[in-house]
Chemist: 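Handing you a structure now.
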Amino acid sequence: MLYLPTLRAERAAAEAALNKRGLNGAALVEQLLQADDARRAAQVALDDCLAESNLLAKAVGDFFKTGQKAEADAAREKSTALKETAKRLEAVLREAENALQSLLVAVPNTPHASVPAGKSAEDNEEIRSSGSIPQLHEGAVPHWDLASRYNLIDFELGVKITGAGFPVYLGKGARLQRALIQFFLDRNTAAGYTEVQPPHFVNEASGFGTGQLPDKEGQMYHAVADNLYAIPTAEVPVTNLYRDVIVDESDLPIRHTAYTPCFRREAGSYGKDVRGLNRLHQFDKVEVVTIDRPEDSYGRLEEMVQHVAGLLDALELPYRILRLCGGDMGFTSALTYDFEVWSAAQQRWLEVSSVSNFETYQANRLKLRYRRTSDRKTQLAHTLNGSALALPRVVAALLENHQDENGIRIPAALVPYTGFDRIS
RNA sequence: GGUGAGGUGGGUGAGAGGCUGAAACCACCAGUUUGCUAAACUGACGUACGCGCAAGUGUACCGCGGGUUCGAAUCCCGCCCUCACCGCCA
């Protein structure tokens, strides 16, 4: 949710930024500011009315005390009449607030200056790439074939007990999952992220806080009886730990890492995109979340990108880093870097991590502020997060890229965690 | 699932129609004292939205939403949540 004071102060920049998403920035901002003006006018009118009413009420009490009954009755009558006006003005204000709010939640974040304008993935900007594309042997196969050949993952069994997109991991396949989770958590905590184990279901307020609700409602599993949502990412519960919180500036940056399963309905997905591990309804992910001061947040973002790159290096996977264009970026993000690993057997790039700075967009919804040491004033913090990492596509790439005629090699960094160095 | 208690500022917790944006204590912040720290003392100390060049000032907020009243943290109704005990259970 855009912060209106900033929007007013930096109007031209905000308009230009929204244009990069392919929106009409000028029109959107104009609409927002007009709605805000209407809200302000309504509030001033109501406040004045209530102020008068408060004075009258006080007068009634005073008149009673001094025994001035006639004056008391007169004031009382006047106050009763004011009540009607107040009621009307209150309705006007409420309507103005609702109008503003529904506009606000419909406007995405303003992209950072470095974000390229663009409509789709075509316009994303490659920042750098790393690792070499492996030359696979004759007869190399995609991960879904490897998964069944070595009995690592049973997709059909998952279909039986739950449905498509809920795979069952077996034997070394299951162990590989657990090893990766542990490996990522160890690396993240070593880098200064404090581990958290959050709930896997969240309430409505949390869904709103990080921006999943109301607009991405259909993407989450909803436990209707209790009105809880299965988390689509650990970002939701972990960031919401700081909802309605004013942290001290000296406590920043706050860094957390969390492993959770993630649940996504992925309504509308189909075809080769969803084959094998490419897109699942339930998957494992280790997340990193950072909260920091505005002036430091982009430095943090770079640190997070470096950190994620280090994970992929350790797994010996070839990857590239993209700076997403305005049109391809998530609704709530100001700047997003995507990490894609090369899937050698599928001959395509697979997204394994998305690292974003949300600036104050989430913080404004969350009411997450920090108190400055210098003047003790509160200010919205910046929130950032990134996957470090999402498992399924890492596993896909690991299996495909490290396969040879006799099996699959486990990268050295992971062997202490798997307890085996080959799958065969 | 049953029964009971309760939701007040960063924390504990008083208040039971106007004297209450809210006692007291603790914490936090500034200062005095001090070789340093501690202690002691003094002062300041909620959030949000407005108005004002500013000093300042208006309004709202005591879980949420309604109601009664000239006036509600306080009375009434509905909802949500938390805790305790019992039952069941990994």
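First the proteins, then the strands, lettered A, B, ... as listed; each starts at 1.
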Chemist: In whole angstrom, give me the gap between the P atoms of U47(B) and U37(B).
Modeler: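 One P to the other, the span is 29 Å.
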Chemist: Is it true that D296(A) and H382(A) share a donor-acceptor pair across their side chains at a distance under 3.5 Å?
Modeler: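 No, D296(A) and H382(A) have no side-chain donor paired with an acceptor closer than 3.5 Å.
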Chemist: Give me the distance, rounded to whole Å, that separates C45(B) from C25(B) when you measure between the P atoms they each carry.
Modeler: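 16 Å, rounded to whole Å.
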Chemist: Could you verify whether a donor N or O on one side chain and an acceptor N or O on the other, from Y193(A) and E287(A), lie under 3.5 Å apart?
Modeler: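 Per modelled atom types, Y193(A) and E287(A) side chains form no pair under 3.5 Å.
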Chemist: Quick check for you: to the nearest 0.5 Å, what is the distance between M1(A) atom CE and T332(A) atom OG1?
Modeler: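 Answer for the CE-OG1 pair, M1(A) versus T332(A), is 13.0 Å.
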Chemist: State, without any angle test, whether Y298(A) and E359(A) hold a side-chain donor-acceptor pair at a distance under 3.5 Å.
Modeler: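 A pair is found: one side chain offers a donor N or O, the other an acceptor, under 3.5 Å apart.
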Chemist: Between U59(B), A48(B), G71(B), which nucleotide has the shortest distance from any of its atoms to the side chain of N54(A)?
Modeler: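 Comparing U59(B), A48(B), G71(B) against the side chain of N54(A), the answer is U59(B).
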Chemist: Please give, in whole Å, the distance from C28(B) C1' to K377(A) NZ?
Modeler: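 Distance check: K377(A) NZ to C28(B) C1' gives 16 Å.
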Chemist: Which whole number of Å gives the distance between the C1' atom of U3(B) and that of A14(B)?
Modeler: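 Straight-line distance between the two C1' atoms is 29 Å.
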Chemist: Check the distance between U47(B)'s P and R372(A)'s CZ and give it to me in whole angstrom.
Modeler: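 My rounded result for the distance is 13 Å.
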Chemist: Report the C-alpha distance between T383(A) and Q362(A) in whole Å, list the side-chain angles of each, state the deciding distance to 0.1 Å, and finish with yes or no for side chain to side chain donor-acceptor pair (under 3.5 Å).
Modeler: CA-CA 7 Å; T383(A) 62; Q362(A) 289 182 331; 2.7 Å; yes
Chemist: Provide the distance between the two C1' atoms, one in C28(B) and one in G46(B), to the nearest whole Å.
Modeler: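 Per the computed distance, 13 Å lies between those C1' atoms.
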Chemist: Of all the nucleotides listed (G66(B), U59(B), C49(B)), which has the minimum atom distance to the side chain of R94(A)?
Modeler: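 In terms of side-chain proximity for R94(A), the closest of G66(B), U59(B), C49(B) is G66(B).
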Chemist: Give me the distance, rounded to whole Å, that separates C49(B) from G43(B) when you measure between the C1' atoms they each carry.
Modeler: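 Each nucleotide's C1' atom is 29 Å from the other's.
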Chemist: Step through it carefully: locate the ring centre of Y229(A), locate the ring centre of H222(A), and say whether they are under 6.0 Å apart.
Modeler: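 Yes, close enough.
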Chemist: Would you mind reading off the distance between I246(A) atom CD1 and G46(B) atom C1', rounded to a whole angstrom?
Modeler: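 Going from CD1 in I246(A) over to C1' in G46(B) covers 8 Å.
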Chemist: Of the listed nucleotides (A60(B), U47(B), U69(B)), which one gets closest to any side-chain atom of L50(A)?
Modeler: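 Nearest nucleotide to the side chain: A60(B).
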Chemist: Whole angstrom is fine here: how far is it from NZ in K367(A) over to C1' in U47(B)?
Modeler: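 Taking NZ of K367(A) and C1' of U47(B), I get 10 Å after rounding.
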Chemist: Can you check the L56(A) CG to G58(B) C1' distance for me, whole Å?
Modeler: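 Taking atom C1' of G58(B) as the reference, CG of L56(A) is at 16 Å.
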Chemist: Where each residue is assigned the nucleotide of RNA chain B containing its nearest heavy atom, which of A51(A) and K83(A) is assigned the position nearer the 5′ end?
Modeler: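 Counting from the 5' end, the first nearest nucleotide belongs to A51(A).
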Chemist: Report yes or no: is the cationic atom of K216(A) (NZ for Lys, CZ for Arg) closer than 6.0 Å to the six-membered ring centre of F331(A), at no more than 45° off its axis?
Modeler: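 No, a cation-pi geometry is absent between K216(A) and F331(A).
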Chemist: What is the distance, rounded to the nearest whole Å, between atom CD of E97(A) and atom P of U59(B)?
Modeler: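 The distance from CD of E97(A) to P of U59(B) comes to 17 Å, rounded to the nearest Å.
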Chemist: Checking salt bridge (Lys or Arg N to Asp or Glu O under 4.0 Å) between E249(A) and each of R369(A), R372(A), R293(A), K377(A), which is the one that passes?
Modeler: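 Going through the options one by one, the only one that passes is R293(A).
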Chemist: Side chains of E30(A) and Q34(A): do they bring a donor and an acceptor to under 3.5 Å?
Modeler: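 A donor-acceptor contact under 3.5 Å links the two side chains.
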Chemist: Near RNA chain B, under 4.0 Å by heavy atom, which residues of residues 71-82 of chain A?
Modeler: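 Going residue by residue through residues 71-82 of chain A, the ones with a heavy atom under 4.0 Å of RNA chain B turn out to be R76(A), S79(A), T80(A).
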Chemist: When the C1' atoms of U74(B) and G4(B) are considered, how many whole Å apart are they?
Modeler: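 Pairwise C1' distance, U74(B) against G4(B), rounds to 23 Å.
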Chemist: Please state the C1' separation for the pair C51(B) and A38(B) - nearest whole angstrom.
Modeler: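 Per the computed distance, 47 Å lies between those C1' atoms.
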Chemist: Between G11(B) and C76(B), how far apart are the two C1' atoms, rounded to whole Å?
Modeler: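 Their C1' atoms lie roughly 32 Å apart.
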Chemist: By a strict heavy-atom criterion of less than 4.0 Å, which residues belonging to residues 35-49 of chain A are in contact with RNA chain B?
Modeler: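 Residues of residues 35-49 of chain A that come under 4.0 Å of RNA chain B are, in numerical order, R39(A), R40(A), Q43(A), V44(A), D47(A).
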Chemist: What nucleic acid atoms does S53(A) come within less than 4.0 Å of, heavy atoms only: base, sugar-phosphate, or nothing?
Modeler: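 Counting heavy atoms under 4.0 Å across all strands, no contact is made by S53(A).
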Chemist: Ion pair present between R178(A) and D284(A), side-chain N to carboxylate O less than 4.0 angstrom?
Modeler: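 Between D284(A) and R178(A) there is no salt bridge, as every charged N stays at least 4.0 Å from the carboxylate O atoms.
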